[in-house]
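The block underneath contains the structure these notes are about, expressed in structure tokens.
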Number of protein chains: 2
Amino acid sequence: MAEGSKRHVRKIPEATVNRLPIYLRSLLEAAGDGLPTISSERLAELSGFNAAKVRKDLSYLGSYGTRGVGYDVEYLVFQMSRELGLTKEWHVVIAGLGNLGHALANYGGFTERGFPVAALVDADPKVVGTEINGLEVRHIDELEAIAGSHQIAIGIIATPAAAAQEVADRMIAAGVSSILNFAPTIVTVPPEVSLRKVDLAVELQILSFYQQRRGAEAGAALPPEATVAPPAG
Amino acid sequence: MAEGSKRHVRKIPEATVNRLPIYLRSLLEAAGDGLPTISSERLAELSGFNAAKVRKDLSYLGSYGTRGVGYDVEYLVFQMSRELGLTKEWHVVIAGLGNLGHALANYGGFTERGFPVAALVDADPKVVGTEINGLEVRHIDELEAIAGSHQIAIGIIATPAAAAQEVADRMIAAGVSSILNFAPTIVTVPPEVSLRKVDLAVELQILSFYQQRRGAEAGAALPPEATVAPPAG
DNA sequence: CTTTGTGAACGGATTCACAGCT
DNA sequence: AGCTGTGAATCCGTTCACAAAG
């Protein structure tokens, strides 16, 4: 590293990192209600975890609480936003403007939360050139040029599964180092790139597992030919 | 339970359950390529895990492999589909037909994978009565009647955060016992109901954490007034 | 007396490494 | 010889329980 700007880079466990955004949301809610401080107990209720976990998680950020009192809401919001990198905006590119990509492009919540959608790309000539939410859809071949000039940090893949890996590779070549993949397929990235995935079919199948375990009666039988027969052996 | 159809109800760890849909997808891919058998090594590559984990996971389903050979692809697909409850269809209701709900309702992939969208509900009188993908949007007050007559097992919440808990409560009252929540808020459900959540802003914030850690340079600075100041103390 | 911060105990998930079967 | 299946070891995350601080 070039200079020792941080004395101690705290190592925050992955499981904790995954909960920080939920804490932040709860804290913003508490701040909106005008609460000056909040206890781990109360924060746990708001975020759906338990108090011990909250305290342990917050302790990784530093000793920001006051014993006998709780945590200063505004201060904790500040520290957590800083830790999450939310003090700057991260520009986003969405690749693939089918059903889902279109909905994501129209969703105002991203910009509002510090993730402005700076570019849209697609491979389909019928989609390229159309305008969505005030932004023109560009051809995916322009990705590298666009990413460079727009300082794009995060890529969202909303393409069909077959295109996902190539799109990811192109994004990475264009300097994108965080990817959120909605395509129902495995995408592999080098270790210096972060990847998260959201797969709706997977979520439904997980629910299906427990639903079935419960022996729940709702649901219609599939026609027999829709199921796969075991092999002869 | 009515009869002892399963001698031993195997306890499959949650972490394993979460991976089963990925294995299934990889197996279907292998089956499509005409492979009769697959090794744990190869399945691991296709699903993005490692061979030891694959073997341990599959061992919870039963000893379906053949030493020296691998796993019979078709047979494993069959067993896994059964375990996941995918031999019947699970009817789905989508609540909230804004941007995201609309996109989900138009998405054909659900029906295709055994989760037909059987009903759409919303509270907004401007949306109620419109038709999406051949399905009329009904008023949420009709939820109980609809869920009963359509044998609906799974509810998808795509409403604004403020409405999510009430919608979940109504779904549960109507007999829905699996819920997928897209609203950016905590929803609590009784223990006999399964809940999974997908939160886009949370995913982006997690990516932001690692992006920032990396000291990545992409991204524009927010105006100073958009950040929160620490308290005077 | 209240609530944090944290070592220590616990439990679950992952990985290792090899015995067992084909 | 090749690959699965699984105890044993290890790693990581959660919970407990209490000393420290206000």
Side-chain angles (χ1 to χ4, degrees), chain A residues 8 10-23 26-27 30 35-77 79-80 83 206 209-210 231-233, chain B residues 8 10-23 26-27 30 35-77 79-80 83 206 209-210 231-233:
Chain A
H8 241 349
R10 277 176 237 272
K11 197 199 64 44
I12 304 185
E14 204 178 311
T16 297
V17 173
N18 293 348
R19 286 187 290 267
L20 293 183
I22 311 284
Y23 293 136
S26 304
L27 286 167
L35 300 183
T37 64
I38 192 168
S39 67
S40 59
E41 188 89 44
R42 181 79 185 108
L43 181 51
E45 271 172 44
L46 290 177
S47 14
F49 306 118
N50 65 58
K53 197 182 274 178
V54 168
R55 287 202 300 278
K56 173 93 11 161
D57 283 343
L58 295 187
S59 79
Y60 292 116
L61 303 183
S63 290
Y64 296 142
T66 306
R67 292 167 200 236
V69 178
Y71 301 87
D72 182 291
V73 174
E74 287 286 306
Y75 188 55
L76 198 49
V77 165
Q79 290 295 348
M80 205 171 284
E83 202 70 57
I206 294 169
F209 173 88
Y210 293 106
Chain B
H8 241 350
R10 279 176 235 273
K11 197 200 62 45
I12 303 185
E14 202 177 314
T16 296
V17 172
N18 293 346
R19 285 186 292 267
L20 293 183
I22 311 283
Y23 294 136
S26 304
L27 287 168
L35 300 184
T37 63
I38 192 167
S39 67
S40 59
E41 188 88 43
R42 181 79 186 106
L43 182 50
E45 271 173 45
L46 291 178
S47 15
F49 306 117
N50 64 59
K53 198 182 272 178
V54 168
R55 288 202 299 279
K56 174 85 26 151
D57 282 345
L58 295 187
S59 79
Y60 292 117
L61 304 183
S63 290
Y64 296 142
T66 306
R67 290 164 202 239
V69 178
Y71 302 88
D72 182 289
V73 174
E74 287 285 309
Y75 187 55
L76 199 49
V77 164
Q79 289 296 347
M80 205 171 284
E83 203 69 58
I206 294 169
F209 174 89
Y210 293 106

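As the structure is a computational prediction, the values presented were derived from the model and not from experiment. Reminder, nothing fancy here: chain letters follow the sequence lines and each chain counts from 1.
At a threshold of 4.5 Å between non-hydrogen side-chain atoms, the residues Glu14(B) and Phe209(A) do not count as touching. Here the side chains of Leu61(A) and Leu20(A) are in contact, with some heavy-atom distance below 4.5 Å. With a 4.5 Å cut-off on side-chain heavy atoms, Asp57(B) and Phe49(B) do not count as touching. Using a 4.5 Å heavy-atom threshold, the side chains of Met80(A) and Leu58(A) count as touching. Residues Tyr71(A) and Leu43(A) form no side-chain contact, since every pair of their non-hydrogen atoms from C-beta on lies 4.5 Å or further apart. Considering only heavy atoms from C-beta on, Ile206(B) comes within 4.5 Å of Val17(A) through its side chain.
Here Pro13(A) pairs with Lys11(A), Thr16(A), Tyr60(A) under the side chain to side chain contact (heavy atoms under 4.5 Å, CB included) rule; sequence neighbours left out.
Secondary-structure stems of DNA chain C, taken as three or more successive Watson-Crick or G-U wobble pairs (i with j, i+1 with j-1) under a 3.5 Å distance threshold, comprise C:1-22 with D:1-22.
Leu61(A) places its CG atom 14 Å from the P atom of dT4(C), with the value rounded to the nearest Å. For the pair Leu76(B) CG and dT4(D) C1', the computed distance is 13 Å after rounding to whole Å. Residue Tyr64(B) contributes atom OH, which lies 11 Å from atom P of dG5(D) at whole-angstrom precision. For the pair Leu58(A) CG and dT4(C) P, the interatomic distance rounds to 9 Å; values are reported in whole Å. Note: OH (Tyr23(A)) to C1' (dT4(C)) measures 14 Å, nearest angstrom. The nearest whole Å value for the distance from the NZ atom in Lys53(B) to the C1' atom in dA13(C) is 8 Å. For the pair Glu14(B) CD and dT14(C) C1', the computed distance is 16 Å after rounding to whole Å.
Summarising the geometry of Asn50(A) relative to Lys53(A), their closest heavy-atom pair is OD1-N, 2.9 Å, with the distance given to 0.1 Å.
Using a 4.0 Å heavy-atom distance criterion, Phe49(B) is classed as making no nucleic acid contact. Using a 4.0 Å heavy-atom cutoff across all strands shown, Arg42(A) reaches no nucleic acid atom at all. No engagement by Tyr60(A) is indicated, since no non-hydrogen atom pair under 4.0 Å with the nucleic acid exists.
Along DNA chain D, the nucleotide closest to Pro13(A) and the one closest to Gly65(B) are compared, and the more 5′ of them pairs with Gly65(B). Both Gly68(A) and Asp57(A) lie close to DNA chain C; mapped to their nearest nucleotides by heavy-atom distance, the more 5′-ward contact belongs to Gly68(A). Residue Arg19(A) is the one, among Val69(A) and Arg19(A), whose nearest nucleotide of DNA chain D lies closer to the 5' end (criterion: closest heavy atom).
Dashed line: the shortest gap from a side-chain N or O of Arg55(A) to OP1 or OP2 of dG7(C) is not under 4.0 Å. OP1 or OP2 of dT4(D) has at least one side-chain nitrogen or oxygen of Ser40(B) nearer than 4.0 Å. Proximity of Asn50(A) to the phosphate of dT15(D): a side-chain N or O atom is located under 4.0 Å from OP1 or OP2. For the OP1/OP2 pair of dG5(C) and a distance below 4.0 Å, the side-chain nitrogens and oxygens of Lys56(A) include no atom meeting the criterion.
When distances run from any side-chain atom of Ala15(A) to the nucleotides dT22(C), dT6(C), dT14(D), the shortest one goes to dT14(D).
Judged by distance alone, with hydrogens and angles left aside, Arg67(B) brings a side-chain donor or acceptor within reach of the base of dT4(D), the pair sitting under 3.5 Å.
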